[in-house]
Chemist: 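Here's a structure for you.
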Amino acid sequence: MAKLLLKFQRYFRRTPVRFFTLIALYLTAGSLVFLHASSGGGTRVAENEPGGAREAVAGGRTDAQPLGTLPLVREAKGTPEAMTNPRRYGSWFKTPSKDTPGRTKVGDYGGPWSRALKGRNVHEKEEERAKYIGCYVDNTHRRALRGVSFFDYKKMTLFRCQDNCAERGYLYAGLEFGAECYCGHKIQGANASEAECNMECKGEKGSICGGVNRLSIYRLELAQESARRYGSATFRGCFCRPENVSLALPASKLMRNMSVDQCVDFCTGKEYPLAALAGSSCHCGFPTTLFALRDREDEQLCAQKCSGEEFESCGTSKYFIVYQTQVQDNRCMDRRFLTARAKQFIALASFPGAGNTWARHLIELATGFYTGSYYFDGSLYNKGFKGERDHWRSGRTICIKTHESGQKEIEAFDAAILLIRNPYKALMAEFNRKYGGHIGFASHAHWRGKEWPEFVKNYGPWWATHTLDWLKFGRRVLVVHFEDLKRDLFVQLKRMVGLLGIAVQEDRLLCVEGQKDGNFKRSGLRKLEYDPYTPEMRKAIDGYIRTVDAALKLRNLTGVPEEYSPR
């Protein structure tokens with residue numbers, strides 16, 4: 001035996017022979033391992049072994065497990081244990097066998113391949129949703145697409161525009177200037193060269209979103225027929241028949257089986273924002289001084305049932321039921337900078353959270369000129385307030401937003417519109433903006449935490465001193481209460497425009513009434529489960545309200561509205 005071992009020792013001392021022998025053994029072992037892993041026997045062995053042995057195979061090498069059985073782990077990926085705890089087994093179990101009932105489907109977030117497939121499927125669905133039909137000429141005074149519109153100079157994408165238009169039931173979505181989205185039921189513009197639609201979408205590199213006065217237009221293929229025909233027409237009320245119907249409502253049609261849907265559909269096709277039902281007649285038009293929609297009548301006067309729909313009212317020959325269609329009234333949508341430098345600087349002053357952004361939206365629609373700002377807010381600029389980027393003393397804007405309340409800052413302006421809002425609502429709105437953005441909301445953790453009491457403590461007194469300072473140091477101050485502006489927009493907006501020195505036709509102001517909400521407005525204060533104001537907070541805020549009320553009356557102005565707080 002000793003001699004045999006000595007011979008083997010001498011044999012392996014020969015370096016070349018030992019080298020080639022080791023290579024041969026390595027290749028042989030590798031081939032055996034590969035063949036073993038490729039066969040189905042591994043799984044069967046694992047399934048037929050007792051529980052302890054099966055656990056050793058599926059769970060990885062144990063102390064009693066030879067290294068050569070590790071490839072069996074690949075075959076164990078279809079076992080129930082592997083499916084219930086995929087993280088335990090590493091990357092092999094992220095893509096289960098196709099025979100496994102719980103395997104990952106296309107579109108699930110099961111791994112890189114699944115994410116890629118999901119992205120491709122979503123892209124294919126987007127392509128199905130909208131079909132590109134070409135580049136078209138647009139005109140700021142006569143839009144090619146005359147439905148709703150919105151702007152986002154930072155994050156506009158093809159899908160976002162298409163989705164917004166589809167949700168509102170429109171047939172077409174058009175993108176312009178890389179950031180502007182227009183919707184409509186028909187195209188009223190000429191074709192343009194594809195080379196003229198050359199601006200990349202602000203929020204989507206590689207995609208074209210029109211050009212300068214050029215629209216990239218898509219037809220929304222998947223819009224439901226009922227949605228795009230009737231969409232979300234808004235009930236406006238019951239109104240007395242105008243004296244000259246043909247002049248006030250220029251388009252009309254007799255309908256045997258009259259229904260709200262039929263009339264709204266007809267007026268939408270005619271590109272009118274108003275649909276008025278008068279028994280068996282359908283009339284369409286714009287809000288004008290001839291039909292201003294300000295004097296509502298009792299709805300019982302319009303309660304005659306429709307001939308084509310027994311559960312709807314279609315009005316009478318004397319009292320019209322009026323709906324607002326999805327067609328946007330473009331008579332007040334054009335905006336531009338002042339052509340000549342402003343001779344005076346007019347402030348649009350308010351405490352934060354008092355509705356300054358909304359008031360700017362109304363002023364821009366009413367006058368056709370951009371408003372400016374004492375600050376620079378990129379999110380407001382991206383949403384279409386183009387005067388935000390100008391320096392406040394540039395003289396190119398009709399008025400300037402400011403929240404300042406110091407004497408020096410106030411005396412820099414020649415006149416001011418002072419917007420005042422209920423402090424209980426203003427404080428909550430500003431707190432939401434501070435912790436949730438312009439149209440977001442603060443979290444419940446912020447309301448419950450120390451942030452809210454600290455905020456009220458600091459901002460509550462400022463609400464009062466802001467108004468008092470503008471009344472004391474301001475020159476030609478026009479006081480407008482936010483609540484009055486909401487309640488009687490036409491009258492209050494007319495006062496505001498008058499101070500700005502702009503002669504505006506009443507028809508344009510009526511147009512503003514139909515577009516008053518805009519696309520940059522918080523949808524309302526989120527309902528909290530509790531009253532965030534403590535008795536101590538209310539006592540202090542009520543004192544501020546009484547102080548401001550007295551200061552207004554001292555200047556022979558109307559005091560604060562009754563709803564601010566019981567007095």
Side-chain angles (χ1 to χ4, degrees), residues 106-109 112-140 143-185 187 189 191-223 227-228 326 328 333 335 376-386 388-389 436-440 518-521 523:
V106 174
D108 291 343
Y109 292 93
W113 280 105
S114 297
R115 287 193 293 271
L117 288 170
K118 177 177 175 64
R120 187 179 68 186
N121 289 348
V122 169
H123 182 67
E124 288 172 355
K125 288 179 181 178
E126 291 177 13
E127 289 179 347
E128 290 174 4
R129 184 188 186 97
K131 180 181 179 181
Y132 179 70
I133 60 172
C135 183
Y136 286 78
V137 176
D138 194 28
N139 188 303
T140 56
R143 293 289 180 187
L145 295 176
R146 301 180 186 176
V148 300
S149 61
F150 72 97
F151 316 108
D152 193 329
Y153 290 90
K154 188 176 182 181
K155 298 180 180 178
M156 180 62 74
T157 65
L158 295 178
F159 179 74
R160 186 179 177 202
C161 177
Q162 294 163 9
D163 192 51
N164 273 273
C165 293
E167 278 186 0
R168 291 164 173 78
Y170 288 101
L171 282 172
Y172 298 101
L175 296 106
E176 183 174 331
F177 202 63
E180 301 174 2
C181 176
Y182 298 88
C183 311
H185 290 285
I187 304 170
N191 281 103
S193 168
E194 288 298 319
E196 296 178 42
C197 285
N198 54 10
M199 296 188 72
E200 194 175 66
C201 302
K202 297 294 184 181
E204 187 177 16
K205 291 184 178 179
S207 296
I208 299 299
C209 284
V212 179
N213 293 328
R214 295 294 182 268
L215 282 167
S216 297
I217 296 183
Y218 293 80
R219 180 181 173 88
L220 305 176
E221 299 292 346
L222 295 185
R228 72 177 180 230
Q326 294 178 350
Q328 188 165 6
M333 295 305 294
R335 290 171 295 171
F376 170 69
D377 190 326
S379 63
L380 289 178
Y381 177 82
N382 291 333
K383 297 296 182 181
F385 290 93
K386 293 186 178 179
E388 192 76 20
R389 184 170 284 182
H438 279 285
I439 55 177
N519 55 56
F520 198 77
K521 178 178 177 293
S523 59

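No experiment lies behind these values; they were computed from the predicted model shown. Heavy-atom basis, side chains included; hydrogens, waters and symmetry copies ignored. Residue numbers run from 1 in the order of the sequence given.
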Chemist: If we ignore hydrogens and angles and just use 3.5 Å, is the side chain of Ser149 paired with the main-chain N or O of Tyr182 as donor and acceptor?
Modeler: no
Chemist: Would you tell me whether Cys165 and Cys181 have their SG atoms within less than 2.5 Å of each other?
Modeler: no
Chemist: Return the set of residues passing side chain to side chain donor-acceptor pair (under 3.5 Å) with Lys202 (not counting sequence neighbours), or none when no residue passes.
Modeler: none
Chemist: Glu194: which residues meet the salt bridge (charged side-chain N to carboxylate O under 4.0 Å, His left out) condition with it, sequence neighbours left out?
Modeler: none
Chemist: Scan residues 171-182 for pairs that pass salt bridge (Lys or Arg N to Asp or Glu O under 4.0 Å), counting only residues two or more places apart or in two chains.
Modeler: Arg143-Glu176, Glu180-Lys386
Chemist: Under 4.5 Å between any side-chain heavy atoms of Phe385 and Asp377, yes or no?
Modeler: no
Chemist: Got a sec, which residues hit side chain to side chain donor-acceptor pair (under 3.5 Å) with Glu200, two or more places apart in sequence or on another chain?
Modeler: none
Chemist: Hey, are the side chains of Leu215 and Ile187 touching, using non-hydrogen atoms and a 4.5 Å cut-off?
Modeler: no
Chemist: Could you grab the distance from atom CG of Leu145 to atom CD of Gln328, nearest 0.5 Å is fine?
Modeler: 11.0 Å
Chemist: Measure across Cys201 and Leu158 and return the closest heavy-atom pair with its distance rounded to 0.1 Å.
Modeler: SG-CD2, 4.0 Å
Chemist: Does Ala144 offer a backbone N or O that forms a donor-acceptor pair with the side chain of Asp138 under 3.5 Å?
Modeler: yes
Chemist: By side chain to side chain donor-acceptor pair (under 3.5 Å), which residues pair with Asp152, not counting sequence neighbours?
Modeler: Arg160, Lys383
Chemist: Has Asn382 got a side-chain atom pairing as donor or acceptor with Gly378's backbone, closer than 3.5 angstrom?
Modeler: yes
Chemist: Distance check, rounded to the nearest 0.5 Å: Asn164 atom CG versus Cys183 atom SG?
Modeler: 7.0 Å
Chemist: Is it true that, when you exclude Tyr381 itself, more than 12 heavy atoms of the residues, nucleotides or ligands shown sit nearer than 6.0 Å to its OH?
Modeler: yes
Chemist: Roughly how far, to the nearest 0.5 Å, is the SG atom of Cys161 from the CZ atom of Phe151?
Modeler: 11.0 Å
Chemist: Please find the pair of heavy atoms, one from Gly189 and one from Tyr136, that lie closest to each other, and give the distance.
Modeler: O-CD2, 3.5 Å
Chemist: Would you name the heavy atoms of Asn213 and Thr140 that are closest together and state the gap between them?
Modeler: OD1-CG2, 4.2 Å
Chemist: Please name the pair of heavy atoms, one in Ser216 and one in Tyr132, separated by the smallest distance, quoted to 0.1 Å.
Modeler: CB-CE1, 4.0 Å
Chemist: Under the ring-ring contact (aromatic ring centres under 6.0 Å, His included) rule, collect the residues that match up with Phe376, sequence neighbours excluded.
Modeler: none
Chemist: Kindly give the heavy-atom pair with the smallest separation between Val212 and Met199, and that separation in Å.
Modeler: N-SD, 4.0 Å
Chemist: Does any non-hydrogen side-chain atom of Leu220 lie less than 4.5 Å from one of Tyr172?
Modeler: no
Chemist: Answer yes or no: is there a donor N or O on one side and an acceptor on the other, between the side chain of Gln162 and the main chain of Ala173, under 3.5 Å?
Modeler: no
Chemist: Of the non-hydrogen atoms in Thr157 and Leu175, which two are nearest, and what is the gap between them?
Modeler: O-CD2, 3.8 Å
